[in-house]
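Data block below; observations after.
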Protein chains: 4
Amino acid sequence: MGRPSNKPQRRAEIVQALMQVMAVKGYDGASIQEIAKQAGLAPGLIHYHFKTKQDILLEAVTQLSDLLKQRYLDLSKSAETAEDKLRLFIKARLAKGEGENQQAVVAWVMIGSEAVRQTEVKKVYLEAMKEQKEVLSELLQDYFQSNHPKGKLSEKQLETKVAFIMSFMEGAFSLSITSPEIMPENWAAEELMENLL
Amino acid sequence: MGRPSNKPQRRAEIVQALMQVMAVKGYDGASIQEIAKQAGLAPGLIHYHFKTKQDILLEAVTQLSDLLKQRYLDLSKSAETAEDKLRLFIKARLAKGEGENQQAVVAWVMIGSEAVRQTEVKKVYLEAMKEQKEVLSELLQDYFQSNHPKGKLSEKQLETKVAFIMSFMEGAFSLSITSPEIMPENWAAEELMENLL
Amino acid sequence: MGRPSNKPQRRAEIVQALMQVMAVKGYDGASIQEIAKQAGLAPGLIHYHFKTKQDILLEAVTQLSDLLKQRYLDLSKSAETAEDKLRLFIKARLAKGEGENQQAVVAWVMIGSEAVRQTEVKKVYLEAMKEQKEVLSELLQDYFQSNHPKGKLSEKQLETKVAFIMSFMEGAFSLSITSPEIMPENWAAEELMENLL
Amino acid sequence: MGRPSNKPQRRAEIVQALMQVMAVKGYDGASIQEIAKQAGLAPGLIHYHFKTKQDILLEAVTQLSDLLKQRYLDLSKSAETAEDKLRLFIKARLAKGEGENQQAVVAWVMIGSEAVRQTEVKKVYLEAMKEQKEVLSELLQDYFQSNHPKGKLSEKQLETKVAFIMSFMEGAFSLSITSPEIMPENWAAEELMENLL
DNA sequence: TATGAATGAGTATTCATTCAT
DNA sequence: GATGAATGAATACTCATTCAT
C-alpha cells in the first residue's frame with residue numbers, strides 16, 4: 001500500500017545532475033535551482049532527498065571513487081601478470097574518456113579543490129585516496145617482486161613510488177582539464193609506465 | 001599636486017589579502033568584505049582599485065606566476081651545470097614552503113579549479129603554464145644534450161617529458177594540500193629527479 | 001462495509017503530536033513533517049484528517065480547554081463547601097503537572113500568543129476563556145455568599161476579582177515556563193487562596 | 001573623511017520596525033522583507049546592521065526592558081513614601097498605554113513565548129525578569145517595613161509575594177492582548193494594590 | 001485509509017557592486 | 001583616495017499542501 005519508494009534512483013539522478021553542472025560551473029556555481037533543472041526535477045525535491053547541498057557532493061565523491069574502482073575491476077579481469085594489472089590500474093584512471101568519463105574527471109578535480117576547505121569533503125576524499133593508495137601499493141609490490149631482481153621494495157621506497165604515481169595521476173587529471181593545450185594527446189598511461197617502472 | 005598615488009602598493013595588498021582568504025575559503029568563499037577586512041581596508045576601497053572581484057584573481061595569477069619564476073631565478077644564480085639548473089627549477093616549485101609559500105601553493109590549486117569555469121582566468125592561467133613549459137623545455141633539452149650520449153631529444157619526446165613533469169608537479173601541489181596524510185615528508189624534488197632524469 | 005473509520009482516534013493522536021512538538025518548537029516551528037513523525041504517521045495522512053495545519057491547532061485549543069475542565073470536575077467530586085470547590089478549581093489549573101500536564105501548560109502559553117495574530121485561534125481561545133470565566137464567577141459568588149458577612153459581591157466587584165484571578169493564573173503559567181528560575185516551587189495555588197480570598 | 005556612521009540610529013529603527021510588525025504577525029510572521037518595508041529600508045540593509053533576525057529580537061528585549069525601567073524612574077521622581085513608589089512601579093508596568101506603549105506590551109507578550117524555545121531569547125528575557133524582581137523585592141520590603149506593624153517580611157514570604165505580583169502583571173499583559181473582552185477596563189494597578197498590600 | 005514523493009512559494013542570509021559623504 | 005552605508009539579486013533551505021500509487 002502507498003506509493004513505492006524511489007529514493008535510490010532519485011538520489012543517483014541528483015548526484016549525476018550535480019556533477020554535470022559542477023563540471024561546467026564548479027561546486028559553488030552549481031545552484032540547487034540549476035541542479036534541479038538539469039535533473040528535470042522541482043527544486044524543493046532536491047532537499048527532500050538530500051539534507052544539504054554538501055551531502056550531494058559527499059555522495060558524489062563515493063560514487064566517483066566507486067566508479068574508478070569498478071573501472072579497474074572490469075579491466076583487470078583479463079589481466080594475468082602483475083605488470084598487466086598495474087598497467088590496467090593506471091589506464092583505468094588516466095585513459096581520457098568520452099562523455100560521462102570526461103565529466104567524471106572534471107568533477108573529481110573540482111572535488112579536490114573543495115576538499116581543501118570543506119572538512120567533510122576532505123574526509124571522504126581522503127578515504128577514497130587511501131583506498132586507492134592501498135590497491136596501488138599492493139599492485140606495485142607484486143610488480144616489483146616478480147619483475148625486478150632485487151625483489152621486494154622497502155616500505156619507504158614503496159611509499160615514495162606510490163605517492164609519486166598518485167601525484168602524477170592527479171596532476172594529469174588537473175592539467176587535462178585546465179591546460180589541455182599544453183598536454184600531448186593520449187599519452188599519460190603509457191608514459192607513466194615507461195618512466196617509472 | 002594632490003595625494004601621491006599608491007595604487008600599485010594598494011593593489012598588491014589587496015591581491016595578497018585575496019590569496020590569504022582564498023587559501024582558507026576558496027574563491028567564492030572569499031567575499032569582498034572579508035578581503036577588505038584582511039587587508040585592513042574599507043570594502044568600498046577594493047572596488048576603487050579593482051573593477052571586479054575577478055580582476056583581483058587575474059592579478060593574483062600573474063603575481064603568483066611571477067613569484068615562482070623569481071624563486072627559480074634567485075636559486076639558479078648559483079647553478080652551473082644544466083643538471084643543477086633543472087634540479088633547481090623543480091625545487092623552486094615543489095619545495096614545501098612555510099607560511100607565505102604554503103599559502104601560495106593553496107592559492108595556486110584553487111586558481112586551477114577556477115580556471116575550469118572562468119574563461120578569463122583560464123586564459124591567464126594557461127599563459128603562465130605555457131611560460132613555465134617553455135622554460136622547462138629549454139632546461140630539459142640542455143640537460144639531455146649534456147648528459148646523455150644520444151644527445152638531443154626529439155620534439156615529441158621532449159614534449160612528453162615536459163608534460164610528465166608538469167603533471168607531477170601540479171599533482172604534488174594538489175595532494176600536499178588535500179591529502180597530506182598520504183604523502184611522504186619532503187620528498188618531491190629529489191624523487192622526481194631520481195625517477196625521471 | 002470497508003475499513004472501520006478511525007478518524008476520531010487519529011485526529012486525537014495528531015492533536016497530541018502537535019502539542020508535543022509545539023511545546024518544544026512553537027507553532028510555526030512545528031512542521032507537518034515533524035508532527036507526522038511524532039505521531040508515527042505519514043505526512044500525507046495529516047492532511048487527510050485535517051484540512052489545514054491551523055485546524056489542528058484549533059482542535060488543540062478545545063481539547064486543552066476540555067482537559068482543564070475535566071480535571072476540575074474530577075477533583076471537585078469530593079468537594080463539599082464552596083471554598084473547597086474554588087480551591088480545587090484553582091488547583092486544577094495551576095498545579096504543576098508532570099509530563100503531559102507540563103506539556104499542556106506550555107502548549108497553552110503558545111496558543112495564547114498565536115491567538116494574538118490568528119483570528120480563528122483567537123475566537124476559540126476566547127471561547128474557552130469565557131467558559132472558564134463563567135465557571136469561576138459562579139464559584140466565586142458562591143464562596144463569598146457563604147463565607148463573607150456582607151454576602152453577595154456586586155457585578156463589578158465580581159468581574160474584577162475574576163479578571164484578577166485569571167490574570168494571575170495565566171501569568172503563573174507563563175512564568176513557570178519562561179522564568180522558572182525566579183518562581184518559588186509549588187506555591188501558586190495556596191498562595192493565591194491566601195492572598196485573595 | 002568618509003561617510004559618517006549611523007549604526008545606532010539605524011539599529012533602533014530596525015528594532016522598532018520589528019516590534020511593530022511582530023505586534024501584528026508574531027515573531028515568525030515578521031519576515032525580514034516586511035520589517036524592511038516597515039522601516040523603509042532595503043532588505044539587505046537589515047542584515048548589514050544585524051547579523052541575524054534573532055539579534056534584532058534580542059536587542060528588542062533589552063530595549064523594552066529599559067523602556068519599562070525608565071518609565072518607572074520617570075514616574076517615581078515624584079514619589080515620597082514607600083507605598084507611592086510601589087504603586088508607581090506597578091502602574092508603570094500595567095497602565096494600558098496608547099500607541100507605542102500598547103505595541104510594547106504586545107511585543108513583550110510575544111517575546112515571552114519566544115523565550116520558551118529560543119535559548120538566547122530566554123537568557124536575556126530572564127535577565128530582564130531578574131532585574132525586575134530585584135527592584136520589586138526592594139520596594140516591597142520597604143513598603144512592609146514602613147506600613148506593617150510586624151515589619152520586615154521573611155525571605156520566603158517576600159519571594160512569594162514578588163512572584164505573585166510578577167505573575168499577575170505578566171498575565172494581565174497577556175490577557176489584555178489575547179482576551180480584552182473578558183477584562184475590565186483600566187483596573188489592574190489599583191486592583192492589585194488593594195488585593196495584595 | 002495510508003504512503004511517501006512532488007510542488008512551489010516563501011524565508012533568512014550573503015554579497016558584489018554602487019554611492020553618498 | 002578613503003569610508004562605510006545601501007542596494008537588490010541570488011542562494012540554500014523549509015514547508016504546507018497536493019498527488020500518484
Side-chain angles (χ1 to χ4, degrees), chain A residues 1-7 9-11 28-36 40-56, chain B residues 2-7 9-10 28-37 40-56, chain C residues 2-7 10 28-37 40-56, chain D residues 1-7 9-10 28-36 40-56:
Chain A
M1 194 171 29
R3 189 171 181 161
S5 173
N6 62 350
K7 277 216 164 191
Q9 300 98 290
R10 275 280 179 270
R11 284 175 69 95
D28 286 282
S31 72
I32 294 285
Q33 294 281 342
E34 204 149 353
I35 294 169
L41 303 172
L45 193 55
I46 306 287
H47 279 95
Y48 176 74
H49 289 287
F50 289 92
K51 215 168 181 203
T52 66
K53 186 179 158 186
Q54 188 187 249
D55 283 344
I56 317 178
Chain B
R3 211 178 304 210
S5 172
N6 56 358
K7 279 212 163 191
Q9 301 97 293
R10 275 281 182 264
D28 284 280
S31 73
I32 293 283
Q33 309 277 341
E34 202 155 351
I35 294 168
K37 191 191 286 179
L41 302 172
L45 197 54
I46 307 286
H47 278 87
Y48 177 79
H49 288 285
F50 290 91
K51 205 168 183 203
T52 68
K53 185 180 161 186
Q54 189 187 249
D55 283 344
I56 317 178
Chain C
R3 206 178 306 204
S5 172
N6 56 359
K7 280 210 163 192
R10 275 280 182 267
D28 284 278
S31 73
I32 293 284
Q33 310 276 340
E34 203 155 349
I35 294 169
K37 191 189 286 177
L41 302 172
L45 196 55
I46 306 286
H47 277 88
Y48 176 78
H49 289 285
F50 289 91
K51 208 169 182 206
T52 68
K53 186 180 161 186
Q54 189 186 247
D55 284 344
I56 317 177
Chain D
M1 193 173 26
R3 190 171 180 160
S5 175
N6 62 349
K7 278 217 165 191
Q9 301 98 292
R10 275 279 180 269
D28 285 282
S31 72
I32 294 286
Q33 294 281 342
E34 204 149 351
I35 294 169
L41 303 172
L45 192 56
I46 306 288
H47 278 94
Y48 176 75
H49 290 286
F50 289 92
K51 217 171 181 195
T52 66
K53 186 179 158 184
Q54 189 186 247
D55 283 344
I56 316 178

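Every chain is numbered from 1, with letters handed out A, B, ... down the list of sequences.
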**Report entry** Partners meeting side chain to side chain contact (heavy atoms under 4.5 Å, CB included) with B/K51 (sequence neighbours left out)
**Finding:** B/D55
Query raised in the report: Does A/R11 have any side chain to side chain donor-acceptor pair (under 3.5 Å) partners at least two apart in sequence or in another chain, and if so, which?
Result: A/E59
**Report entry** Short side-chain N/O contact to E/dT3 OP1/OP2 from A/S5, under 4.0 Å
**Finding:** no
Report summary line: On DNA chain F, more 5' by nearest nucleotide between C/G29 and B/L41 is B/L41
Query raised in the report: Quick one: on DNA chain E, does A/H49 or C/K7 contact a more 5' nucleotide (nearest heavy atom)?
Result: C/K7
Report task. Over all heavy atoms of both residues, which pair between D/A42 and D/A36 is shortest? Give the atoms and the distance, please. Result -> C-CB, 4.1 Å
Query raised in the report: When rounded to the nearest 0.5 angstrom, what distance separates CD1 in C/I32 from CG in C/L45?
Result: 11.0 Å
Query raised in the report: What are the two closest heavy atoms between D/K53 and D/D28, and how far apart are they?
Result: NZ-O, 3.7 Å
Query raised in the report: Residues two or more places apart in sequence or in another chain: which of them pass side chain to side chain contact (heavy atoms under 4.5 Å, CB included) with D/K7?
Result: D/S5, D/Y48, D/H49
Query - Euclidean distance, atom CD1 of residue B/I56 to atom P of E/dC15 [Å, nearest integer] - result: 14 Å
Query raised in the report: Which residues pass the side chain to side chain contact (heavy atoms under 4.5 Å, CB included) test with C/Q33, sequence neighbours left out?
Result: C/S31, C/P43
Report task. Send over the distance from D/I46 CD1 to F/dA5 C1', rounded to a whole Å. Result -> 13 Å
Query raised in the report: When you compare E/dT1 with F/dT21, how far apart are their P atoms, in angstrom units rounded to a whole number?
Result: 23 Å
Requested in this report: Give the nucleotide from the list F/dA5, F/dA2, E/dG4 with an atom nearest to the side chain of A/Y48.
Outcome: E/dG4
Query - Nearest-nucleotide pick for B/L45, side chain only, options being F/dG1, F/dA5, E/dA5 - result: F/dG1
Requested in this report: Check whether any side-chain N or O of D/R10 sits under 4.0 Å from OP1 or OP2 of F/dA6, and answer yes or no.
Outcome: yes
**Report entry** Nucleotide F/dA5, atom P - distance to CG of D/N6 in whole Å
**Finding:** 6 Å
Query raised in the report: Taking CD from B/E34 and P from E/dA16, how many angstroms apart are they, rounded to a whole number?
Result: 10 Å
Report summary line: Hits for side chain to side chain donor-acceptor pair (under 3.5 Å) against A/N6, two or more places apart or cross-chain, chain-then-number order -> none
Report summary line: Taken to the nearest 0.5 Å, the spacing of B/I46 CD1 from B/R10 CZ works out to 9.5 Å
**Report entry** Contiguous Watson-Crick or G-U pair runs (3 or more, under 3.5 Å) in DNA chain E
**Finding:** E:2-21 with F:2-21
Query raised in the report: If the sugar-phosphate is the primed atoms plus P, OP1 and OP2 and the base is the rest, what is the B/S/- string for nucleotides 16-21 of chain F, using protein heavy atoms under 4.0 Å?
Result: SBBBBB
